[in-house]
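Chain letters run A, B, ... following the sequence lines, proteins first, then strands; residues in each count from 1. Bear in mind that the values here come from a model prediction, so they are computed numbers and not experimental data.
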Amino acid sequence: MKSMEKIVSLCKRRGFLFQSSEIYGGVQGCWDYGPLGVELKRNLKEAWWQDMIAGHNELLKPDTAPSSFEMVGLDCTIIMHPQVWKCSGHFDLFHDHMVDCKESKKRYRFDQVRGRWVEYQDKKIFVSTLAEIETELDDVRRRGMKFFRLRNKDADKITIGDESITLDKLDSTTEVLAPDAKNLDTLTEPREFNLMFKTTLGALGGEEDATFLRPETAQGIFVNFKNVLDSSRVRVPFGIGQIGKSFRNEITPRNFTFRSREFEQMEIEFFCHPNQSQEWYRYWRDRRLNWYVSLGLSSDSLIMREHHQEELAHYSVGTADIEYAFPFLPEGEYGELEGIAHRGDFDLRSHMEGKLDPSTSPMTVELNEHGKPKYRGSGKDLSYRDEILGEKFVPHVIEPSAGADRGVLAFLCEAFTEDEAPDEKGKMQTRTVMRLHPRIAPIKAAVFPLVKKDGMPEVAREIYGDLKKHMTVFYDEKGAVGRRYRRQDEAGTPFCITVDTETLENQTVTVRDRDSLEQSRIHMDELAAELQKRIGGV
RNA sequence: GCGGGUGUAGUUCAAUGGUAGAACAUCAGCUUCCCAAGCUGAAUACGAGGGUUCGAUUCCCUUCACCCGCUCCA
């Protein structure tokens, strides 16, 4: 049985994950990687970088891709110019105003709750509802009548306002019947929930120097688009990848590292011709799903969830989430590992012209009450000139955005297995094994002398030293060999190399496989090559 | 942010208004030729702050963290 409790406890016990600042009681939503965890996470990030960026061959067209393409990397700062977040839309989106209902204890986005004025005799109240647009009027009528204790036959005695308006357009909430309340005036004052971490540039900085820790790494790529074009001779279609920390002040961090306040992203912004964006979207969506499977996530536990048309910004051809059946979720529910979004030209154009209004088509710059751009863009030309087509255009963007910490968590959950094997007394013992893919396993191989005598430790140490030049290895000569095997099972080490009597005679060692428990005999000199073959990847 | 629950050793759990125990894990030694064996020994814990009390890990308050449900999740 995979329980989150067991996984969390193993992570702590073996040094995969610790709570941040634990000796002071911990900090909500912050987690540290221990000695094993840091290797696992590094391996995952390196596998991503290798498979997406460094190892990409721009000369060959992948089978399923519309054409060949280039990939380059980037590493941007966490603190950026404040205007970046205004034009990206994060400044507005992350400054939600929320109200709490004192009666129902529910919380609502202030600008998302709508309703109508309802009048009966001398009394006028504002009935709010979360119902869909189509059923909104009926819901307001029903709740309004209930409030005034009217029967169906009295339906015409109340007057319902023609206009459906949101709470933020009201002067006060004292006459408001909250969506889940029976009484009036149960809402608190709207309060700001700032989901971005505010910080200050410069030691003496005041409010005008305020900026934010980035809530995503993507914007660093967009604002460097021109720099990359000018310096690296890449041509559309091409992608820019980045791995780095991002910060979101989550209201309710929970579920171990799944929703952390400080987390690491692995993002690609892929720039292509608008006419080809749909094909590229499908290519990246399928390729990214396969990547997780190739590293050992079971396809039964993964789903690709395409967002419905109504969830999409109008400029987007599609957005899909790759989701994993985390053990802390109820049966049949999935948590997001990665989102692949078609972003059109929203980002590049917003950084050129000023923040666009995504609800307009074609998109125009969002204006303030004076008819000026609400947030001014950089004014720099971020379009692309295709010399072959003789065409100038703003590329469309496909964004595969993965959470590194969520990936690590998914692989930990997937790897955790318990099986039962009889010990030498015939008593059943539980064996805990982390079946991590050899490519991401923190330790690739452990080296043991079978016993701590007869010159076996000396030979084993020599092998250890040689292997260390090629991969992460672990040396252990303490206690019974069975116990040492079990320890490595919990760490997810795929191979254990044991020096025995035969080694002293013919220089062969046994290689024990973590999953099959099978042992094969290999000559010492071939060990590094053989292990690298079995680990796969690069 | 709301409601409920839980905080004791590295882990999983006991007990107690007056000296805090166990199992496994860890370390040292002996033993050991292939899957958590055995023997001997060792180290290690009451989340934090305040209050009540002669005395608090235990009772009370506050706080922090974790778990469950709601809420939120661009």
Side-chain angles (χ1 to χ4, degrees), chain A residues 3-6 8-15 18-31 34 85 88-96 98-109 112 130 180 188 191 193-196 215-216 218 246 248-256 258-261 311 313 319 321 328 330 335-336 339 341 358 401 421-433 448-454 456 477-490 496-504 509-514 517-519:
Chain A
S3 76
M4 212 50 213
E5 254 171 76
K6 284 183 178 175
V8 172
S9 145
L10 179 135
C11 284
K12 170 89 194 290
R13 185 156 39 86
R14 300 258 68 143
F18 307 125
Q19 208 177 348
S20 169
S21 320
E22 200 193 72
I23 60 168
Y24 287 108
V27 182
Q28 208 182 20
C30 297
W31 299 89
W85 308 115
S88 70
H90 289 90
F91 186 79
D92 286 343
L93 272 169
F94 276 40
H95 279 68
D96 291 340
M98 310 289 287
V99 286
D100 291 308
C101 175
K102 288 174 248 179
E103 182 184 317
S104 67
K105 304 294 182 198
K106 286 179 189 281
R107 172 175 296 162
Y108 312 97
R109 281 263 287 275
Q112 279 189 351
L130 294 173
D180 300 284
T188 60
R191 285 179 288 184
F193 281 76
N194 195 340
L195 295 179
M196 286 198 288
E216 63 170 34
S246 292
R248 295 177 195 183
N249 224 337
E250 300 287 353
I251 296 167
T252 314
R254 210 173 275 195
N255 289 329
F256 206 22
F258 183 76
R259 181 163 289 130
S260 298
R261 286 179 161 147
E311 288 180 77
T319 292
D321 288 343
F328 51 77
E336 183 185 345
S401 167
D423 64 14
E424 51 185 34
K425 289 177 184 162
K427 201 176 125 200
M428 291 307 274
Q429 297 281 352
T430 304
R431 180 175 86 118
T432 304
V433 196
F448 310 143
L450 188 57
V451 289
K452 199 166 54 175
K453 59 181 184 186
D454 302 336
M456 289 181 205
E477 58 179 32
K478 292 167 199 150
V481 73
R483 177 185 305 236
R484 285 178 265 158
Y485 285 145
R486 294 293 181 92
R487 263 198 288 253
Q488 293 307 314
D489 289 340
E490 278 198 344
C496 290
I497 293 132
T498 306
V499 170
D500 57 12
T501 326
E502 214 177 316
T503 312
L504 307 175
V509 292
T510 63
V511 178
R512 177 251 198 195
D513 182 275
R514 176 194 67 204
L517 298 180
E518 275 165 18
Q519 287 184 307

If you measure from the [atom1] atom in [N] to the same atom in [M], how many Å do you get, rounded?
N: B:C68; M: B:U16; atom1: P; result: 29 Å
N: B:G21; M: B:C46; atom1: C1'; result: 13 Å
N: B:U52; M: B:U62; atom1: C1'; result: 15 Å
N: B:A42; M: B:U57; atom1: P; result: 27 Å
N: B:C13; M: B:A25; atom1: C1'; result: 14 Å
N: B:G41; M: B:C24; atom1: P; result: 15 Å
N: B:U40; M: B:U8; atom1: P; result: 30 Å

What does [X] touch in the nucleic acid at a heavy-atom separation under 4.0 angstrom: a base, only the sugar-phosphate, or nothing?
X: A:Met456; answer: base
X: A:Leu10; answer: nothing
X: A:Phe256; answer: sugar-phosphate
X: A:Thr498; answer: base
X: A:Asp454; answer: base
X: A:Glu518; answer: nothing
X: A:Gln519; answer: base

Any protein N or O atoms within reach of nucleotides 21-32 of chain B? Criterion: under 3.5 Å, listing atom names and distances.
residue: B:U26; atom: OP1; partner: A:Arg487; partner atom: NH1; Å: 2.1
residue: B:U26; atom: OP2; partner: A:Arg483; partner atom: NH1; Å: 3.1

Could you work out which one of B:C35, B:C34, B:U11 sits closest to the side chain of A:Lys12?
->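 So the nucleotide nearest the side chain must be B:U11.
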
Atom pair distance, as rounded to whole Å: [atom1] in [X] and [atom2] in [N]:
X: A:Arg254; N: B:G1; atom1: CZ; atom2: C1'; value: 11 Å
X: A:Glu5; N: B:U12; atom1: CD; atom2: P; value: 8 Å
X: A:Lys6; N: B:G10; atom1: NZ; atom2: C1'; value: 18 Å
X: A:Phe328; N: B:G69; atom1: CZ; atom2: P; value: 11 Å

Just by modelled atom types, is the A:Ser9 backbone N or O under 3.5 Å from a matching donor or acceptor in the A:Arg14 side chain?
->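 Here the side-chain-to-backbone pair does not exist.
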
Say whether, by atom type as modelled, one donor and one acceptor occur between the side chain of A:Arg261 and the main chain of A:Gln28 under 3.5 angstrom.
->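 Answer holds: yes.
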
Any salt bridge between A:Glu490 and A:Arg431, counting N to O under 4.0 Å?
->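 Salt bridge absent between A:Glu490 and A:Arg431.
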
Salt bridge or not for A:Arg514 and A:Asp489, using N-O below 4.0 Å?
->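 No salt bridge links A:Arg514 with A:Asp489.
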
Under-3.5 Å donor-acceptor pair between A:Tyr24 side chain and B:C64 base =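 A donor-acceptor contact between them is absent.
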
Quiz item: A:Arg512 side-chain donor-acceptor pair to B:C35 base, under 3.5 Å =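 Pair found.
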
Earlier contact from the 5' end, RNA chain B, for A:Asp513 and A:Gly26 =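 Result: A:Asp513.
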
Nearest-nucleotide wise, let me know which of A:Ser9 and A:Asn255 is further upstream toward the 5' end of RNA chain B.
->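 Whichever sits nearer the 5' end wins; that is A:Ser9.
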
Using both pair distances under 3.5 Å as the test, note the stems of at least 3 consecutive Watson-Crick or G-U pairs that include RNA chain B.
->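 So far as stems of 3 or more pairs are concerned, RNA chain B shows B:1-7 with B:64-70, B:10-13 with B:21-24, B:26-30 with B:38-42, B:47-51 with B:59-63.
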
